[in-house]
Each structure stands twice: as C-alpha cells, then as structure tokens.
Amino acid sequence: MEASLNKGTSDADAPGAVIAEIAEELRFADYRGKVADYIPPLAAVPDTKFGIAVVMADGAVHTAGDAEEAFSIQSISKVFALTLALGAVGDQLWSRVGREPSGSAFNSIVQLETEHGIPRNPFINAGAIVVTDVLLGRLEPREAIGQMLRFVRELAGDDGIVIDEVVAAAESETGFRNRALANYMRAFGNIHGDVERVLGTYFHFCALAMSCRQLALAGRYLMNGGISHGHRVINERRARRINALMMSCGHYDNSGDFAYRIGLPGKSGVGGGILAVAPGTASIAVWSPGLNQSGNSHLGQLALERLVQRTGWSVFEPRSL
Ligand code: GLN
C-alpha cells in the first residue's frame, strides 16, 4: 500500500512540486559525499551545490536549486560519444568494446589484461577511450571536438554550451591512469590512432560544461525513442539499446545498486552530475558534486531515489497499475 500512496497522481505531486520538495530536503543534508580531487578544478567546486531539472515528454521543463549553473559533465559525455560512434560505424563498434557491466572502478585496468584490451563497456574510461579512437578514425581531433559540441548544442537547443579548457588541461596534466589505459589498449591493437590525440579529444569531451537544464534537454532523445524536439537523432532501437547500457553500466561498480534503488537508465560523471531517463516520460538531470565510493553523486542518487518513489517512474513499475 505504501508504494501506491507514494505515487504521484494528484496535482500536488506534479513533477515541479516534487523536485522543489526534494531540493529543499537535501539542501542541508549533513553527509554530502566527497568532491573529486584528482582533477584540481573539480576539487574547487563547493559541495553545497545542488541542482535538478526534469524535462517531460510534452516539453514542460521543471527545475529546482542550482539547475542553471554549468558543471563539468565528465563521464556523462560517454553517452553522447557512444551515440556519435554508433552513428559513424554502427554495430562494428561492438568488436572493439563490450556490453557487460565491469563490476570494477571507472578507471580500472585489471580486466584489460585477461580480456585482450577489449573494455567491458563504453561507459568506463577504457571503453570511452576506444569510442573516441573510433570517432578519430574519420575525423581530426579538432573536428571530433567540434562535432561533439555541435551535437550537444543541437540536442539541448542551446548554443551557450561550451567546453571548459581549464578542466581539459587539468585532466591532461593529471591523466596518468587514462594514459596507462590508452597505451595498454594500444599494445593490444585496440587503439589505432596516436594515444595523445585520442586522450586530448577524450579529455575535451569530459570537460563539457552544462547545467542541469541543458543536460536534461540534451537527454530528450533517449526519453523519446530517438527523437529530440521533433528531430530524429537515432532510431528507436538504438535509443532503447543505449538506455539498456545506461541501466546496466552507467554507474560503474555501483550500477546494480543504482538499478535496484532507482530503476532508471542513468549515467554519472565525477563532476557530480547524473543524467537519468524515464523512457516515454521524462529526462532528468541532477547535480551535487559530492561523490560516493564509486565516483557517483551521493545526493544525486538520493534525489533520484526520492523522485522515482514519489512519481512511480521506475521502469520496473507495472504500467497497468
Ligand atoms: N574525465 C574523467 C576521467 O577520465 C571521467 C571519469 C568519470 O567521470 N567517472 O577520469
């Protein structure tokens, strides 16, 4: 009975009111997780920030908290990079990257040795570095970065989105693990291009700066079976499949728990953002910089958990009830 009481059916429970309530509840949360410090500019972001934006299938946008403030989307860019790479080479991509959850940290190298340089999925660092290499099979780094920027601007319908060059440079300076991953995969023949060019491009993707509003708008194509504000971005099957990967792999070694608690396709980044998709219903972006042990936003997950409890948006919610 409790579950049905929590379901949002009345006006008082409309998404705008629900997220305002959640933002208010989490504003003064004592435990906020730990802000990433291995990329210096990220360490400077106050852990008091909290924003959330929900874009509904009918186009209505609801926001609460710091939803208009741009943050570093980091690994959320892996969703957009995957979408572009599938557009460029289609299913051939899957000969170079898997589709299984890794059960390991986002920057782990351990599986690459026994699995011959083939990363488990496109949403861990190794996988996204391969995806970037695939994009560079046809483009120069400058073109690939330009294509990515145009893509997210188009998806969000917002030309104000930029790449934070300070973050990109800091990532390069501290990117020892990513360099190890890329070189290791190069040794297995699964990185074809020059490692520094691949990494430079990857770091620029990670350094995209977007607000919750922009990110939730950019996620519309995943909510709408591949269509974003009237334009077909990808076909329906591909949208379904990207959502499946987000559900199974979007939170690294914390993906099972995210599916258990929230039940939505989602992708996190170490900047503290999460893009989550309720197919057919809503595209949701939340941002709180403090992270849990797996590098996912602590309060972001809590906010999404409360949102699905109060709206019934989990994909595991029986639709007929
Ligand atoms: N740019 C970050 C890195 O490569 C992305 C990691 C993340 O967001 N989980 O380490």
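From a predicted model like this one, the values you see are computed outputs, not experimental measurements. Remember, it's 1-based here, ligands and their atoms both numbered in the order they're listed.
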Arg179 and Ser172: side chain donor to acceptor below 3.5 Å: yes
How would you list, by chain and number, every residue that makes a side-chain contact (heavy atoms from CB on, under 4.5 Å) with Ala170, sequence neighbours excluded? Ile39, Pro40, Pro41
For His251 and Lys267, work out which heavy atoms get closest and say how close. CE1-N, 3.9 Å
What does the list of residues with a heavy atom under 4.0 Å from ligand 1 look like, ordered by chain and number? Tyr38, Gln74, Ser75, Lys78, Phe106, Asn125, Glu171, Asn178, Tyr202, Cys206, Tyr252, Gly269, Val270
Nearest heavy atoms of Pro279 and Asn243, plus distance in Å: CG-ND2, 4.3 Å
What's the shortest heavy-atom distance between Leu181 and Ala126, and which atoms? CD1-N, 4.0 Å
Main-chain N/O of Gly271 paired with Trp287 side-chain donor or acceptor, under 3.5 Å: yes
